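Computed from a prediction, not measured in an experiment: that's the story for all the values here. Worth knowing before you read on, the calculation uses all heavy atoms, side chains too, and leaves out hydrogens, waters and symmetry mates. Atoms within each ligand, like the ligands themselves, are counted from 1 in listed order.
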Amino acid sequence: MAVTSSRYGRQEIFYGIGPEGQKKLKKGRVAIVEMSAIGTAVANNLARAGVGFLRLIDGDYIDVSELQRQSLFTEEDAHEERVKAVALQEYLQKVNSEVTVEAEVTMLDGGNVDSLFEDVDVIVDASDSFETRLLINEACHALKKPWVYGGALAASGMVKAFMPGGEEPCFRCFIGDEEYVPGEQPTCATEGVLCSTTSTIAALQCAEVLKILTGSDMVNKNLISFDLWDNSFEYFEVEKDPECPVCRGEYKYYGKVSGSHTVSMCGKDSMQIIPSVEGEVDFEKYARVLEHQGKVKYTKYTLDFDDGDVQIKLFKTGRAIIKHVSDEKRARAVYAEYIGL
Ligand SMILES: [Zn+2]
């Protein structure tokens, strides 16, 4: 057996990759949607594997409740409420300076998905939002890009690579015509989740990404479904639905720019306000206005305001997280009063 001490030697002696596969990984470009427990593990895995370009898409900051499962973040990151995409970018560039890691401090939506996906080879879904996943599915169908789905709940998980092409089923084919009702599905906030679950999903997704980037014909056609507590690991065939609107090119989320809207943050006692038009907020100017009303501090990416009652984290684009608020009306009122962009 060949003995090698090169950086990627263990991958290069693996029959499925080899030196040629490693060159393909170096040219590979991957976008990861959300730096969740799954997303951080995927990013870590792919950066170390030598995938040449990673785009980390996430508009959130690090909270101490996420350290249980979101690998690579530290207590200091949580204490400073650092922006996830940037904290992870900085860490991964230290891990592997040969790859390019780009941080996109934004929430994926119908308006920015084209620019975030069009120059990558594969997209990894690490989102815990069903709507985001439906948008990824539609965008990847329109742009003819492969994407790898990963869903976690408690000790169970599901993974499937959705490939572009006429005969391939899409995510909408898989879920059927069940209409999604926000708030009615169990989530990780209500059912909990194990780090073992999210790590397993990330590992399975990464294997599929490596196969796709190296052009392997071993991409798993089946949906992988497992439960680490019930000791089950199964494969299911996903059939193409002849009635699927997405497969016919009828999209509900892709290409639609939503107006100003409010989103509750899964697992965080906060509401997020996304303005209809995102701009570039001048933090210095805003800090001068707000400092008469409470404590203000800002970095390159976020501005924090706290008057003892209201706590706001404002992002550069005008998006804001209103903390300790679970009521949409109250969140919008706070935004209008203090930000009012
Ligand atoms: Zn379909």
Side-chain angles (χ1 to χ4, degrees), residues 29-34 36 38-39 42 55 57 107-153 156-187 201-202 204-213 215-226 234-258:
R29 299 174 64 86
V30 180
I32 306 166
V33 182
E34 292 187 18
S36 56
I38 296 173
V42 168
R55 177 171 291 141
I57 305 165
M107 309 286 287
L108 186 78
D109 62 35
N112 62 20
V113 66
D114 272 342
S115 63
L116 293 170
F117 285 5
E118 64 192 359
D119 61 349
V120 297
D121 303 305
V122 53
I123 291 98
V124 178
D125 156 45
S127 165
D128 57 10
S129 150
F130 205 70
E131 269 187 30
T132 302
R133 208 165 271 149
L134 293 172
L135 170 63
I136 295 171
N137 184 52
E138 292 184 355
C140 287
H141 182 267
L143 299 168
K144 298 185 173 57
K145 304 271 182 189
W147 70 283
V148 187
Y149 155 65
L153 191 68
S156 66
M158 287 194 280
V159 172
K160 167 138 180 59
F162 288 98
M163 304 299 286
E167 292 314 305
E168 294 288 336
C170 79
F171 183 69
R172 185 70 167 69
C173 293
F174 163 52
I175 59 165
D177 58 5
E178 260 178 87
E179 278 300 311
Y180 164 67
V181 184
E184 286 195 2
Q185 268 72 18
T187 69
I201 290 168
L204 292 167
Q205 284 181 309
C206 284
E208 295 310 304
V209 170
L210 297 183
K211 290 178 201 171
I212 292 168
L213 291 178
S216 165
D217 56 6
M218 292 304 288
V219 175
N220 199 332
K221 297 237 175 234
N222 292 311
L223 175 96
I224 308 166
S225 172
F226 65 85
E234 297 170 289
Y235 297 94
F236 296 99
E237 196 178 331
V238 177
E239 285 182 14
K240 195 170 176 72
D241 176 3
E243 303 296 317
C244 173
V246 176
C247 285
R248 286 200 301 257
E250 293 164 18
Y251 306 134
K252 193 171 164 187
Y253 302 93
Y254 177 67
K256 310 267 190 322
V257 180
S258 37

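In this structure, F117 has no ring pair (Phe, Tyr, Trp, His ring centres under 6.0 Å) partners at least two apart in sequence or on a different chain. Partners of D217 under the side chain to side chain contact (heavy atoms under 4.5 Å, CB included) rule, at least two apart in sequence or in another chain, do not exist in this structure. Evaluation of the salt bridge (charged side-chain N to carboxylate O under 4.0 Å, His left out) rule for R133 yields D125 as partners, not counting sequence neighbours.
Taking the six-membered ring where the residue is Trp, F171 and F162 present perpendicular rings, their angle passing 60° and hence far from 30°.
No side-chain donor-acceptor contact under 3.5 Å links N137 and Y254.
Protein N/O/S atoms closer than 2.8 Å to the Zn ion (ligand 1), listed by chain and residue number, are C170 SG, C173 SG, C244 SG, C247 SG.
Side chain of K160 to backbone of K221: a donor-acceptor contact under 3.5 angstrom is found.
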